[in-house]
Asks: 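My structure is below; once you've seen it, I'll send some questions.
Just so we're clear, the structure is a prediction, and the values are computed from it rather than from any experiment. Protein chains get the first letters and strands the later ones, always in sequence-line order, with residue 1 at the start of each.
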Number of protein chains: 2
Amino acid sequence: MRKTFQRQVILEELRVTKDHPRAAELYARVRHRIPTVSFGTVYRNLRMLRDQGLIQELTLGDEASRWDGNYSLHYHFTCQNCGQVQDLEVEPDSRWEAKIECLTGLAINHHRAEFYGLCSDCRN
Amino acid sequence: MRKTFQRQVILEELRVTKDHPRAAELYARVRHRIPTVSFGTVYRNLRMLRDQGLIQELTLGDEASRWDGNYSLHYHFTCQNCGQVQDLEVEPDSRWEAKIECLTGLAINHHRAEFYGLCSDCRN
DNA sequence: ATAGTTGCAAAGCATTTGCAACAGA
DNA sequence: TCTGTTGCAAATGCTTTGCAACTAT
C-alpha cells in the first residue's frame, strides 16, 4: 500500500475526530484540504484502510456505514434521539467468546456489541 | 395494520426458517406462493413488521440486511467462511447494560451483539 | 365507503468500478 | 520505469416511492 497524500489525509481526518462520520461527511472534510479529491478515492481508501485493520467500519441500523479511526476493540453507543455515536470505555468481555465456544462448538474469532439508548444530553 | 395475504405469507416464511434470508431471497420464497408479489410489497412489509417488533432486521457487515423471524432478544453468529448466520442460544447479558449506565451516565435501552468465526462445518 | 395495501415502474442513494492520466517506489 | 492510485463519470445494487387499481374492515 503506497503512502499517498490522499490516503494520509483521509486517515488523519478519521484519527483526529471522535464522532464517527459517514463517507459523505468525511469526503467533505477531506475536501477542505484536497479540493480535487473524489468520492471514489475516499471509498477506495476507506475499504483499504479497513482491510488493513487501521480503521473500523460500523454498520449500525439501516443507514450508511460510519467510520471509526480508533482501531482498537471497543463497543459503541448510539443515541436514539440525536443519533450521535460514541465509543464506550468499558472493556470488551472476552470470556463471552470462550463461553459461547464451549456451549456451541463454534470457533469464535471476534465479536462486536452495540448499545442503544439516550445520551446524557438527551435523557433529560 | 391490516391482515393481508401477502403480509401473512411474508411473516410465515420468516417464521418457518432459521436461516436469515435477505430481502431478495425472501422475495423468491414468497413468490412460490404468490407469483404476482412484488419487491415493493416485500420491502414495505418487512419494514412494517420490523417496526411492529414482529421480526428483526440484521445489519451485519457491509452486505444487504438479513431478516430474522425470531423476535426475541438473542445474539447472532456469522461464519466467516460459508457466510451462514445462526441464532445463539446463550442468554443475553442484561447486567452489562446496568454496568455501562453506571460507568457512563448513558440511559441504555437495549443492545445487540454479533459473533464472528467458523461454524462447526467450516472449522475442520 | 374508505383508508390501507398492492403491483409496477421509476427514482433514490450509497457504494463500486472502468479507464486514462498520474505519481510514488 | 512500472505498478498502484487518482479523478471522473458511468454503472451497480439494494431499497424506497408515486400512482392508479384493488381490498380488508
Asks: Start with the C-alpha distance between B:Asp19 and B:Gln84, add both sets of side-chain angles, then the distance that settles side chain to side chain contact (heavy atoms under 4.5 Å, CB included), and finish with yes or no.
Replies: CA-CA 7 Å; B:Asp19 58 14; B:Gln84 67 146 289; over 6 Å; no
Asks: Show which residues join B:Leu73 in its hydrophobic cluster (side-chain heavy-atom contacts under 4.5 Å, direct or indirect), or state none.
Replies: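 None, because no other hydrophobic side chain comes under 4.5 Å of this residue.
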Asks: What residues join A:Ile108 in its hydrophobic cluster, counting side-chain heavy atom gaps under 4.5 Å, either direct or through other members?
Replies: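 Direct or chained contacts put A:Ile108 with A:Tyr75, A:Phe77, A:Leu88, A:Val90, A:Trp96, A:Ile100, A:Leu103, A:Leu106, A:Phe115, B:Tyr75, B:Phe77, B:Leu88, B:Val90, B:Trp96, B:Ile100, B:Leu103, B:Leu106, B:Ile108, B:Phe115.
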Asks: With the threshold set at under 4.0 Å for non-hydrogen atoms, list the residues of residues 2-16 of chain B touching DNA chain D in residue-number order.
Replies: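 By residue number: B:Arg2, B:Lys3.
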Asks: Between D:dT16 atom P and B:Leu46 atom CG, what is the distance in whole Å?
Replies: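 It is 9 Å, rounded to the nearest whole Å.
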Asks: With sequence neighbours excluded, tell me which residues meet side chain to side chain contact (heavy atoms under 4.5 Å, CB included) with B:Tyr71.
Replies: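 Only B:Arg15 meet the side chain to side chain contact (heavy atoms under 4.5 Å, CB included) criterion with B:Tyr71.
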Asks: With each end axis built from five pairs of C1' atoms, what bend angle do you get for the helix from C:dA1-D:dT25 to C:dA25-D:dT1? Round to 10°.
Replies: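 For the helix from C:dA1-D:dT25 to C:dA25-D:dT1, the axes at either end differ by 40°.
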Asks: Could you state the CD-C1' distance from A:Gln52 to D:dT5, rounded to the nearest angstrom?
Replies: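 Atom-to-atom, A:Gln52 to D:dT5, this comes out as 15 Å.
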Asks: Residues two or more places apart in sequence or in another chain: which of them pass salt bridge (charged side-chain N to carboxylate O under 4.0 Å, His left out) with B:Asp51?
Replies: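 Once residues adjacent in sequence are excluded, B:Asp51 has no partner under the salt bridge (charged side-chain N to carboxylate O under 4.0 Å, His left out) criterion.
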Asks: Not counting sequence neighbours, list each pair that qualifies as a salt bridge (Lys or Arg N to Asp or Glu O under 4.0 Å) and has a residue in residues 72-82 of chain A.
Replies: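 Listed once each, the pairs would be none.
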Asks: Suppose the criterion is salt bridge (Lys or Arg N to Asp or Glu O under 4.0 Å): which pairs have a residue in residues 78-91 of chain B, not counting sequence neighbours?
Replies: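 Pairs touching residues 78-91 of chain B that pass the test: none.
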Asks: Enumerate the side chain to side chain donor-acceptor pair (under 3.5 Å) contacts for residues 115-124 of chain A, please, sequence neighbours excluded, ordered by first and then second residue.
Replies: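 The answer is A:Glu114-A:Tyr116.
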Asks: Starting at atom CG of B:Asn45, determine the distance to atom P of D:dT23, rounded to an integer number of angstrom.
Replies: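 Computing the B:Asn45:CG to D:dT23:P distance gives 16 Å.
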Asks: Tracing side-chain links under 4.5 Å among I, L, V, M, F, W and Y, which residues wind up in one group with A:Leu54?
Replies: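 ILVMFWY cluster around A:Leu54 also holds A:Met1, A:Phe5, A:Val9, A:Ile10, A:Leu11, A:Leu14, A:Leu26, A:Tyr27, A:Val30, A:Ile34, A:Val37, A:Phe39, A:Val42, A:Tyr43, A:Leu46, A:Met48, A:Leu49, A:Ile55, A:Trp67.
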Asks: Among residues 18-44 of chain B, which residues get a heavy atom nearer than 4.0 Å to DNA chain C?
Replies: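 Close to the strand are B:Thr36, B:Val37, B:Ser38, B:Thr41, B:Arg44.
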Asks: What is the distance from CH2 of B:Trp67 to P of D:dC14, rounded to the nearest Å?
Replies: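 About 14 Å, once rounded to whole Å.
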Asks: Excluding sequence neighbours, so at least two apart, what forms salt bridge (charged side-chain N to carboxylate O under 4.0 Å, His left out) with A:Glu101?
Replies: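 With sequence neighbours excluded, A:Glu101 shows a salt bridge (charged side-chain N to carboxylate O under 4.0 Å, His left out) to no residue whatsoever.
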Asks: Looking only at side-chain N and O atoms, does B:Gln80 offer a donor or acceptor that is under 3.5 Å from a partner on A:Asn109?
Replies: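 Result is yes, a qualifying pair exists.
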Asks: Distance check needed: C:dT16 C1' versus A:Met48 CE, whole Å only.
Replies: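 After rounding, the gap between these two atoms is 14 Å.
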